[in-house]
Amino acid sequence: MASSPAQPVFRFAPSPNGRLHLGHALSALTNERFAASMGGRLLLRIEDIDRERCTLGLEQALRDDLAWLGLGFEPKVRRQSEHFGDYAVALAKLQARDLVYPCFCSRQGVKTAVAAEEAKSGRPWPVDPDGAPLYPGTCRALDRDVTAARIAAGEPHVLRLAMDRAIAEAGKVAFTVVDEDGRTETVTARPARWGDVVLARRDVPTSYHLSVVLDDALQGVTHVVRGRDLEAATDIHVVLQRLLGLPTPLYHFHELLTDESGRKLAKSRGSESLADLRAQGATAVQIRQQLGFD
Ligand SMILES: [Zn+2]
């Protein structure tokens, strides 16, 4: 279905690397409610760039869970693993402008470099909003010939955004946050707090940040509705949108569900899945009501 210019477009974008839990249901239902109240379209995107952990079986399971909850999406689903070419084109554009550089550091190498910096300064090294140490810049100024030779020799590497140069080129960036009553607020992005983020991983030629920005634009998404945990990362996304000449959607960040100990629900912590709840006799209506959707 073609979208009229004024018709809002929403998307729910899960990763098929585990079963969906209540937090996913909340996110999907919030998207559904926004779309319904604004006469918008609702798209499903499968974020499966992690080729080791994502499986078709889990994708089918999450689609079954969403159908069980009564969520309807447009039939055309975008699967990120089928679009590595799109991400490569975007990366090449950034590379041509010297905005990304190869980094050969292992995780341990970054840790060692950070420890050395801390020993030198006697102060803790800064961390990004997710709590990870900022990349210390080891490979930022490597000689081009050296870099080319190491890549030609097959040395594994990631591609990092040169954040200083990216900010200099993008200028001041902001995004608009909308609440469920339609009130908006402009937020100034602070991308520097993320440092030189990875845009292409060792194992796949893209990253969460790059894929999500490209896909939102390619799918014509006008409203990104996602959890509060992704609010800070939006700083990176708006910089990439600016650098790649893509529109910045409106954003809404919903609250996160937490477990009894106050931690965010997560597949990795074994939070109870929708499938578990269903097996215990919960109905879709009960789940919707529990999450505040009638
Ligand atoms: Zn490096």
Side-chain angles (χ1 to χ4, degrees), residues 15 17 47 49-53 80-81 84-170 173 189-214 229-230 232-244 268:
S15 288
N17 57 9
E47 300 207 330
I49 61 170
D50 188 331
R51 303 313 296 145
E52 299 215 332
R53 292 166 64 219
Q80 291 187 323
S81 61
F84 285 130
D86 291 336
Y87 313 131
V89 168
L91 268 179
K93 283 184 193 166
L94 298 175
Q95 264 174 314
R97 280 142 65 194
D98 205 22
L99 293 169
V100 294
Y101 63 89
C103 166
F104 303 92
C105 300
S106 62
R107 209 161 282 201
Q108 189 53 46
V110 170
K111 268 191 201 164
T112 307
V114 164
E117 292 290 343
E118 289 184 330
K120 205 160 64 180
S121 69
R123 283 199 304 271
W125 186 251
V127 295
D128 71 21
D130 287 345
L134 292 192
Y135 177 64
T138 318
C139 300
R140 199 183 290 140
L142 284 182
D143 182 83
R144 269 167 199 267
D145 294 340
V146 172
T147 298
R150 288 174 76 169
I151 291 173
E155 193 173 339
H157 60 281
V158 301
L159 292 177
R160 289 184 183 274
L161 182 66
M163 190 57 94
D164 285 355
R165 296 200 286 272
I167 291 171
E169 196 169 307
V173 283
R190 291 180 288 148
R193 59 183 170 156
W194 287 98
D196 293 356
V197 291
V198 171
L199 291 192
R201 296 164 26 160
R202 236 164 248 262
D203 54 339
V204 286
T206 186
S207 60
Y208 167 70
H209 299 307
L210 184 68
S211 307
V212 84
V213 160
L214 252 291
D229 53 337
L230 287 167
T234 308
D235 293 348
I236 304 165
H237 302 169
V238 290
V239 167
L240 291 174
Q241 286 153 4
R242 181 70 66 85
L243 294 174
L244 293 166
S268 55

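Order of appearance sets the numbers: ligands from 1, and atoms from 1 within every ligand.
A ring-centre distance under 6.0 Å is found for Tyr208 and His237.
A search for ring pair (Phe, Tyr, Trp, His ring centres under 6.0 Å) contacts involving Tyr101 returns nothing, not counting sequence neighbours.
By the 4.0 Å N-to-carboxylate-O rule, Arg51 lies too far from Asp203 to be salt-bridged with it. The pair Arg123-Glu118 fails the salt-bridge criterion, with no side-chain N (NZ, NE, NH1 or NH2) lying under 4.0 Å from an Asp/Glu carboxylate O.
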Validation: residues 88-96 side-chain donor-acceptor distances under 3.5 Å, sequence neighbours left out:
none

Would you tabulate the side-chain donor-acceptor contacts of residues 144-151 under 3.5 Å, counting partners in other chains and residues two or more places apart, or write 'none'?
{"from": "Arg144", "atom 1": "NH2", "to": "Asp98", "atom 2": "OD1", "distance (Å)": "3.3"}
{"from": "Thr147", "atom 1": "OG1", "to": "Asp143", "atom 2": "O", "distance (Å)": "3.0"}
{"from": "Arg150", "atom 1": "NE", "to": "Glu155", "atom 2": "OE1", "distance (Å)": "2.8"}
{"from": "Arg150", "atom 1": "NE", "to": "Glu155", "atom 2": "OE2", "distance (Å)": "3.4"}
{"from": "Arg150", "atom 1": "NH2", "to": "Glu155", "atom 2": "OE2", "distance (Å)": "2.8"}

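Residue-and-atom listing of protein N/O/S atoms under 2.8 Å from the Zn ion (ligand 1), sorted by chain and number: Cys103 SG, Cys105 SG, Tyr135 OH, Cys139 SG.
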